[in-house]
Amino acid sequence: MRASISVCAMSLALLQLAEALGGARSRKFSLMADMGLLPDGTPMHLPSDIKAAMQIASSRPPPATNGTPEKIEPEYVELPLDNFAKNKDYSYQGTFNNRFWVAESAYKPGGPVFIYDVGEADAEPNALFRLQNTTSFFKQIVDKYNGIGIVWEHRYYGNSTPEPIDLNTPPEVFQWLTTEQSLADVDRFAKQFKRKNIKYNLTPDKTPWIFVGGSYPAMRAAFMRDKYPDTIFASYASSAPVQAQNDMSVYFEPVWRGMTEYGWGNCTKDIKAAIQYMDKVMENPTAAANLKERFLGLGAGNNSNPTFADALTTPFYLWQSYGVEGGALGLRSFCDFLSTDPLSNKTSGADGWAAIKGANYTVNRWAAYPRFTTMVNGYLTTNCSGTLQKKGDCNLDLRFDDPAMISWTWQYCTQWGFLQSANVGAHQLVSKYNSLEHQKDICHRQFPTAKPPLLPTWPSVDRTNDVFGGWDIRPSQVYWSGGEFDPWRTLSPLSAESFAPHPKTFQNPPKCGEEQDEDEIFGYVMKGAQHCYDFRTTFAGGSVSRKYFTDALDRWLPCFKSKKGGNGHN
């Protein structure tokens, strides 16, 4: 067991927490981690030179060094809700305003346009960090190539919504929230892009456009290059799970492997022993109710076994963004508590305490963890008391009320699946009651009035893979990256799982326009990394991955040929 480090206390008042693993909530964590911040907004423990450069307030530009920093304001473009309208009557279904931000300060005539796609989250909190902070990898790349930088907000997130998104939004409103429509948004935007202070033609006809994204935006990076090769010249796809799949119980396998590799194998074994013990206890309704109240206080006993299983999953919420770190609610804090005997102050051996003291001992330690109720109340939007002396309003079966999570739930429940059910077996970390059926039911709990075909019974993953290509997508001029212990790598072309195709990766940039066969891919897996770790300059190993991409751009950009007709000027 590794020694504990000091961590900053987490203030849940700063977070808008409501979601299942992955998706909008975890996307926000990843974006904060990219900025060198813990989930509560305080800085991670970084090398002094990096820490000094980081901006704590992500919505403010860095202090001026050479003159006044560029003033960047949010801008909007009007786009049709239905990009594929019959008879090209794009106004028939209505329009919405899509938000974006632009940095021009590094631009020199002929430089590329780089578009950073924020994906399933409000783009505002870190848009200016991406474009102006010297520790932002995106700014570094834009500056290196004397380009224009754009931060793009996905339709139905942040301020890019056709109407307010809340629990009262009719499900019919979401019919235009598809990956296909969102890709067409970027294509339509790019073809009309111009800047009043720049005379050069900045559309894809005359200027190379480079799409950069991590996670779901990484999927979009690959899809844009595949579906719109005349618009997007090259793409950077970091941690892209392009294979749609309903059963994503495999999500927890890299967590087990990573914790073991990082020295927390004793904790994983105790978690497994505790989970299996509790699964057995919950077969008896009376015992199950008592167990839930031991963990979450009076009133918790009324919850179902599956929703209590959701609560037991919360210690893993920060893994993909922070590994075992993440501040007061990170896995390090949880495992330190679980693995330390309060009487002897000794740490468990490699096999954990359950192997010596029995699984009930580990269950009792978990139930006594002082931050567990805080964690559950924050992530699951409930109000459990955490004590047997006071009854709380402990309902674990509430719909997600965060707008970004509502929109993302629609996306995964209709197109992508990604249902993170229990990985029952040798590496089990999650209760068996967190079943695939339960994960599917969450979709219909969230949108109770939506019926097929508007909301399918199960996410339509076969159709999605038919449309986008799944494992086998190999557009030219795309660089793929992943983290060794990233749960989302499991459904990317870089997956190491037994059911994945395992193409051979290579790092020497392919020639311009050269697609790969299905058995090879231009990509790289970062050791000791989780999700999108090459998008954070605070992770030393990320620079290797980023250089593979810039080396490729150095080879590809000279190949760009402007379309015939007109000249390079607006």
Side-chain angles (χ1 to χ4, degrees), residues 31 34 70 72 74-75 77 98-119 123 126-154 183 185-187 189-195 197-198 200-215 217-225 228-238 240 475 477-481 509 532 534-537 542-543 545-560 562:
L31 294 172
D34 287 357
E70 179 182 10
I72 298 176
E75 302 176 47
V77 59
N98 207 114
R99 185 166 58 164
F100 63 98
W101 293 257
V102 180
E104 303 175 1
S105 60
Y107 180 73
K108 293 181 180 179
V113 172
F114 291 86
I115 183 167
Y116 177 87
D117 184 74
V118 175
N126 83 345
L128 295 187
F129 171 86
R130 294 284 176 203
L131 296 171
Q132 293 188 310
N133 196 292
T134 57
T135 66
S136 161
F137 89 94
F138 185 67
K139 174 177 170 55
Q140 291 172 4
I141 291 177
V142 172
D143 289 355
K144 173 180 172 67
Y145 292 97
N146 299 124
I148 286 178
I150 300 172
V151 168
W152 179 257
E153 188 167 71
H154 192 293
L183 298 178
D185 289 341
V186 177
D187 175 63
F189 166 72
K191 289 176 178 176
Q192 59 181 286
F193 183 70
K194 63 175 64 175
R195 308 304 293 167
N197 296 322
I198 296 175
Y200 201 89
N201 188 325
L202 298 174
T203 69
D205 282 351
K206 300 296 180 181
T207 298
W209 277 59
I210 318 297
F211 196 105
V212 179
S215 194
M219 297 156 57
R220 287 163 47 76
F223 300 152
M224 282 300 301
R225 176 61 188 158
Y228 298 96
D230 291 334
T231 299
I232 298 302
F233 177 72
S235 288
Y236 188 160
S238 175
Q477 289 157 219
V478 174
Y479 169 67
W480 306 76
S481 65
C532 304
D534 47 349
F535 279 13
R536 58 191 68 178
T537 55
S543 61
S545 180
R546 293 192 298 275
K547 190 174 187 303
Y548 288 137
F549 176 65
T550 55
D551 285 350
L553 277 188
D554 291 342
R555 182 171 192 179
W556 296 337
L557 283 171
C559 301
F560 177 78
S562 62

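Just so it is clear, the model here is predicted, and its values are computed rather than measured.
- Residues F137 and V212 are in side-chain contact: their nearest non-hydrogen atoms beyond the backbone lie under 4.5 Å apart.
- Using a 4.0 Å cut-off between a side-chain N of Lys or Arg and a carboxylate O of Asp or Glu, K191 and D187 qualify as a salt bridge.
- Contact check for F193 versus I150: side-chain heavy atoms found under the 4.5 Å cut-off.
- Between the CE atom in M224 and the CG atom in D185 there is a gap of 9.5 Å [rounded to 0.5 Å].
- In terms of modelled atom types and a separation under 3.5 Å, the side chain of Y479 and the main chain of R546 share no donor-acceptor contact.
- Proximity of a side-chain donor or acceptor of S136 to a complementary backbone N or O of F138 within less than 3.5 Å is detected.
- In this structure the side chain of K547 reaches within 4.5 angstrom of the side chain of T550, judged on heavy atoms.
- In this structure, the side chain of T537 engages the main chain of T135 through a donor-acceptor pair within 3.5 Å.
- Closest heavy-atom contact between A123 and R99: N-NH2, 4.5 Å.
- Among all heavy-atom pairs drawn from G213 and A221, the shortest one is N-CB, 4.4 Å.
- Counting only distance, with no hydrogens or angles, the side chain of T207 and the backbone of P204 share no donor-acceptor pair below 3.5 Å.
- Between L183 atom CG and H154 atom NE2 the span is 7.5 Å, to the nearest 0.5 Å.
- The structure places CZ of R555 at 10.5 Å from CD of Q477, a figure rounded to the nearest 0.5 Å.
- In this structure a side-chain-to-backbone donor-acceptor pair under 3.5 Å is missing from N133 to L128.
- Taking the side chain as every heavy atom from C-beta outward, L202 and I148 approach each other to under 4.5 Å.
- The distance from the CZ atom of F114 to the CG atom of L131 is 12.5 Å, given to the nearest 0.5 Å.
- No donor-acceptor pair closer than 3.5 Å links the side chain of S238 to the backbone N or O of G214.
- Side-chain atoms of E75 do not come within 3.5 Å of backbone N or O of W101 as any donor-acceptor pair.
- In summary, of the residues considered (P217, S215, S481), a side-chain contact (heavy atoms from CB on, under 4.5 Å) with C532 occurs for S215 alone.
- Screening W556, W209, F211 against F233 for a side-chain contact (heavy atoms from CB on, under 4.5 Å) leaves a single residue, W556.
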**OP:** Could you please spell out the steps behind the side-chain hydrogen bond (donor to acceptor under 3.5 Å, both in side chains) verdict for Y145 and D554?
**Re:** CA-CA 9 Å; Y145 292 97; D554 291 342; 2.8 Å; yes
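- For E70 (side chain) and S105 (main-chain N/O), a donor-acceptor pair under 3.5 Å exists by modelled atom type.
- The shortest distance between side-chain heavy atoms of E104 and V102 falls below 4.5 Å.
- Summarising the geometry, atom CH2 belonging to W152 is positioned 9.0 Å from atom CG belonging to D117; distances are rounded to the nearest 0.5 Å.
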**OP:** Check the pair I210 / I232 against side chain to side chain contact (heavy atoms under 4.5 Å, CB included), numbers first and verdict last.
**Re:** CA-CA 6 Å; I210 318 297; I232 298 302; over 6 Å; no
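- In this structure, a donor-acceptor pair under 3.5 Å is absent between the side chains of T203 and D205.
- Annotation: side chain of V186 is not in contact with side chain of T231 (no heavy-atom distance under 4.5 Å).
- Under the 3.5 Å distance criterion, the side-chain polar atoms of R225 are left unmatched by any main-chain donor or acceptor of V478.
- Across every non-hydrogen atom of P475 and A222, the tightest pair is CG-O, 3.6 Å.
- Taking the six-membered ring for Trp and the full ring otherwise, the centers of F535 and Y236 sit less than 6.0 Å from each other.
- The two residues Q192 and V77 make their nearest non-hydrogen contact at OE1-CG2, 3.7 Å.
- S235 and F549 get closest at one heavy-atom pair: O-CE1, 3.7 Å.
- In this structure, E153 contributes its side chain and N98 its backbone to no donor-acceptor pair below 3.5 Å.
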